[in-house]
J.: 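Have a look at the structure that comes next, please.
Because only heavy atoms are used, hydrogens play no part in the values below, and waters and symmetry mates are left out as well, while side chains stay in. Just so you know, these numbers come straight off a predicted model, no measurement behind them.
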Amino acid sequence: MNDKTTKTREDRAAETWEQYEQGKRFQASIALDATIRENIDFYEGRQWGRKVTDRTKMLPRPVTNFVRMIVNNKMSAMNNKPCRITYEADSQENDSIEFTQFSDYQFKEMGAESVYREAIYNGAIKGTYLFHVYWDAQAKGKKGKVTGALRMESLDPRNVIFCDPSQKDEQKQKYIIISTREEVEAIRSTLPKGIDKKLIVADDEDVKKSNNKTEQDGTEMCTVLVKYFKIDGEVYCEKSVRGTVIRDAFPLRPEYEKVHEQIFGKKVDEANGDTPDNTFDTEEEPLFSAYTPTMYPLAVGQYIPREDCIYGISEVEGLIPNQRCFNFSQALQLLQVQNESWSKWIVKRDALGNQKITNEPGQIIVDNSAAGDGIKRAAGGAFNSAVFTLTDNLLSYTRTVVGATEVMNGESISANMSGAAIAQLQSQAQLPNEENRKAFWRVLEKVGRIAEQFYRMYYYDDTEYKVRKANESGAMTMENAVFSAKKYNNTEFTVVAKVTSGTTSSPAGDITVIDQLKAEGLITTRQWLEAYPEDALSDKNHLLELIKQAEYAENMQLKIQLAERDEQIKALIEQCENSKNQLNAVSQIAGENEKLRGDLALAVNENRKEKNTRQQAELAAQQYHNDASDFAQIIANAANANIDVE
């Protein structure tokens, strides 16, 4: 640390440039630059060289580019299974889900899929794939305590210098240098105070290594070296050109000014404090994480490992000799056909006279020689058909050795084979590529660990992001969520790269599954289309928009129908109320009738009692009358008898 404070900017720049030159000399010792240039030429089809020599100028130059075919199939085999970086916590499952959801949003926002494809291309063509994760304050990201957003890129291995190329673990390097090209005027305009602008000069470091001239004539560009190193285990970064340091060493943490003053014993220059990598939101008091980054923000992988070297071997390198033999054999075949296409004639002196042989069909040639046979066709050499067999065998052996057979490529195998049998053959054919895939996934796990560092440092406070969730109807929608890294201060994560499982992972298999789900009614049309592979449709977004419009029209129609049904329900409720009132009135009348019926029954009973009483009285009166009559008769009879006696 003390060495950094005592050395001048020019001394530190010279030291970094010397380290850069040492790395370039090592790359030259393993012919890295020349090999990559040749690999790119053969992949892109420039397989006969850029210059025509006297020895081969008569040869045709056919190119049957099986290098590109094989490499493309190998790259697709590495990238045909979707990979997702997940974070698994030992404490709570919710922590893992939320952290992974935020990471998914970040990787999508960084365009991770395109970076993965570029990295796989670099590995297959150049032998080494490198991921660089960094904070870009000029990027448009979510508003937080530190402006900007996280970014990721895939680097050309020729642009990365390692302190010890024999150490394959990039995290054990003493330093790592990344070379970039920037405009001279752009660098001069953002220089801190006290740096001489004349030290920023143009160079051609990048142009002389490129397959094509990558910079226009007159463009003022210079090589900028971004050097990562560690102080007390913490990662720092310094930017320099050949003549001077253009940005002093700074940590990857956001609190740059504070740490810089502690290390160098002075405050940051006013102009340097507003550099793109360290812009603060001055409206609020920053809240910073105590997290210290200890990992270099680079992850390195080798397509084919090279012994005791961090730079790998490409797929193309082993195909070039066979491609040359194949091209040369085809060129010889074409040359023989070309030579035999125009007849050669043997003509004796004065046999032709003034005639010219044009090889025109039907041309009549007069033989003027005295003895005759002064003009005759020269016999050509027999065509060697073995050359065709040789080239076919060469291509067949090459495809077999590198694992690019028709089974892996999905070519027609046999019309009598079942789909399950073909899938099993394809699964077995993919086994040689499985190790390449697993190695790539292991590198992605390192990328996930590096990204975790930035999440903990730059998203410490509340940050809004979008997450896909299913609503009540089952449709997937984007909803707002809030992420705060301080919630995970005491949580340790295990980073795992999870991929699709199955005998083969391809859009065709996905389409079969989602078609079956839709046929069984388990998913809606919208869910079916959202799950449909992007590369299987020309304009998936347009179809989704049409479905949205149809759903909107259907929803409006349903709302109208619902409103009409509401009115009908209100009318029915009113009818029910009226019926209820009428029923209550009927019930009241029925009650009154029941009471009248009771009163009538009582009156009938009373009347019946009165009638009975009256009848009894009448009977009693009749009996009394009868008794009185009888008694009177008896008295009368008695009286008459007495009279007669007298």
Side-chain angles (χ1 to χ4, degrees), residues 19-43 67 70-71 73-75 77-79 116 118-132 154-179 209 228-230 295-325 397-404 430-447 449-450 497:
Q19 293 168 346
Y20 170 71
E21 291 290 347
Q22 289 177 0
K24 299 304 291 183
R25 286 194 289 271
F26 173 80
Q27 290 183 356
S29 69
I30 62 174
L32 182 67
D33 181 59
T35 300
I36 290 177
R37 287 167 58 91
E38 186 176 45
N39 292 348
I40 294 174
D41 279 341
F42 268 77
Y43 177 78
V67 168
I70 293 174
V71 171
N73 280 282
K74 288 297 189 73
M75 290 192 296
M78 286 185 65
N79 201 33
Y116 294 163
E118 184 178 356
I120 291 173
Y121 169 86
N122 284 336
I125 306 297
K126 304 173 185 178
T128 311
Y129 46 89
L130 303 99
F131 293 97
H132 180 213
S154 178
L155 300 176
D156 189 313
R158 294 173 292 180
N159 294 335
V160 183
I161 301 298
F162 299 94
C163 175
D164 182 8
S166 64
Q167 173 57 257
K168 294 187 178 182
D169 188 352
E170 68 277 4
Q171 299 302 328
K172 294 181 180 179
Q173 298 289 338
K174 184 178 179 180
Y175 62 81
I176 301 176
I177 299 174
I178 302 174
S179 65
K209 77 175 182 183
Y228 288 104
F229 58 94
K230 295 182 180 180
M295 293 182 65
Y296 288 121
L298 286 96
V300 184
Q302 297 81 31
Y303 185 83
I304 300 175
R306 190 192 302 264
E307 186 176 4
D308 296 330
C309 186
I310 197 170
Y311 299 105
I313 301 173
S314 72
E315 183 74 39
V316 179
E317 192 170 342
L319 297 174
I320 289 178
N322 290 20
Q323 179 73 70
R324 280 200 173 105
C325 292
Y397 293 153
T398 301
R399 295 181 65 177
T400 301
V401 169
V402 300
Q430 292 288 353
L431 290 178
N433 299 317
E434 191 66 24
E435 187 57 35
N436 280 342
R437 275 197 293 264
K438 290 181 179 179
F440 182 69
W441 297 336
R442 288 193 292 268
V443 175
L444 291 185
E445 289 176 356
K446 292 192 290 184
V447 172
R449 181 64 69 190
I450 294 169

J.: Who pairs with Gln167 by side-chain contact (heavy atoms from CB on, under 4.5 Å), at least two apart in sequence or on another chain?
T.: Asp164, Asp169, Lys172, Gln173

J.: Taking side-chain hydrogen bond (donor to acceptor under 3.5 Å, both in side chains) as the definition, give me every residue that meets it alongside Lys168, ordered by chain and number, with sequence neighbours left out.
T.: none

J.: Within the distance-only criterion (no hydrogens, no angle test), does the side chain of Gln302 pair as donor or acceptor with the backbone N or O of Ile313 below 3.5 angstrom?
T.: no

J.: Who pairs with Glu170 by salt bridge (Lys or Arg N to Asp or Glu O under 4.0 Å), at least two apart in sequence or on another chain?
T.: Lys446

J.: Residues two or more places apart in sequence or in another chain: which of them pass ring-ring contact (aromatic ring centres under 6.0 Å, His included) with Phe42?
T.: none

J.: Not counting sequence neighbours, which residues clear ring-ring contact (aromatic ring centres under 6.0 Å, His included) with Phe440? List them please.
T.: Tyr129

J.: Please report the shortest heavy-atom distance between Ile30 and Cys309, naming the atom on each side.
T.: CD1-SG, 4.2 Å

J.: Please identify each residue that fulfils side-chain hydrogen bond (donor to acceptor under 3.5 Å, both in side chains) with Glu445, with sequence neighbours left out.
T.: none

J.: With sequence neighbours left out, write down each residue that passes side-chain hydrogen bond (donor to acceptor under 3.5 Å, both in side chains) with Arg449, or none if nothing qualifies.
T.: Glu452

J.: Compare every heavy atom of Ser179 with every heavy atom of Tyr20, then report the nearest pair and how far apart it is.
T.: CE1-CB, 3.9 Å

J.: Could you tell me which residues satisfy side-chain contact (heavy atoms from CB on, under 4.5 Å) with Lys230, sequence neighbours excluded, listed by chain and number?
T.: Gln171, Val235, Tyr296

J.: State which residues pass side-chain hydrogen bond (donor to acceptor under 3.5 Å, both in side chains) with Gln19; sequence neighbours excluded, sorted by chain then number.
T.: Lys227

J.: List the residues meeting ring-ring contact (aromatic ring centres under 6.0 Å, His included) with Tyr228, not counting sequence neighbours, and say none if there are none.
T.: His132

J.: Quick one: list whatever passes side-chain contact (heavy atoms from CB on, under 4.5 Å) with Ile125, sequence neighbours left out.
T.: Asn39, Ile40, Tyr43, Val71, Tyr121, Val316

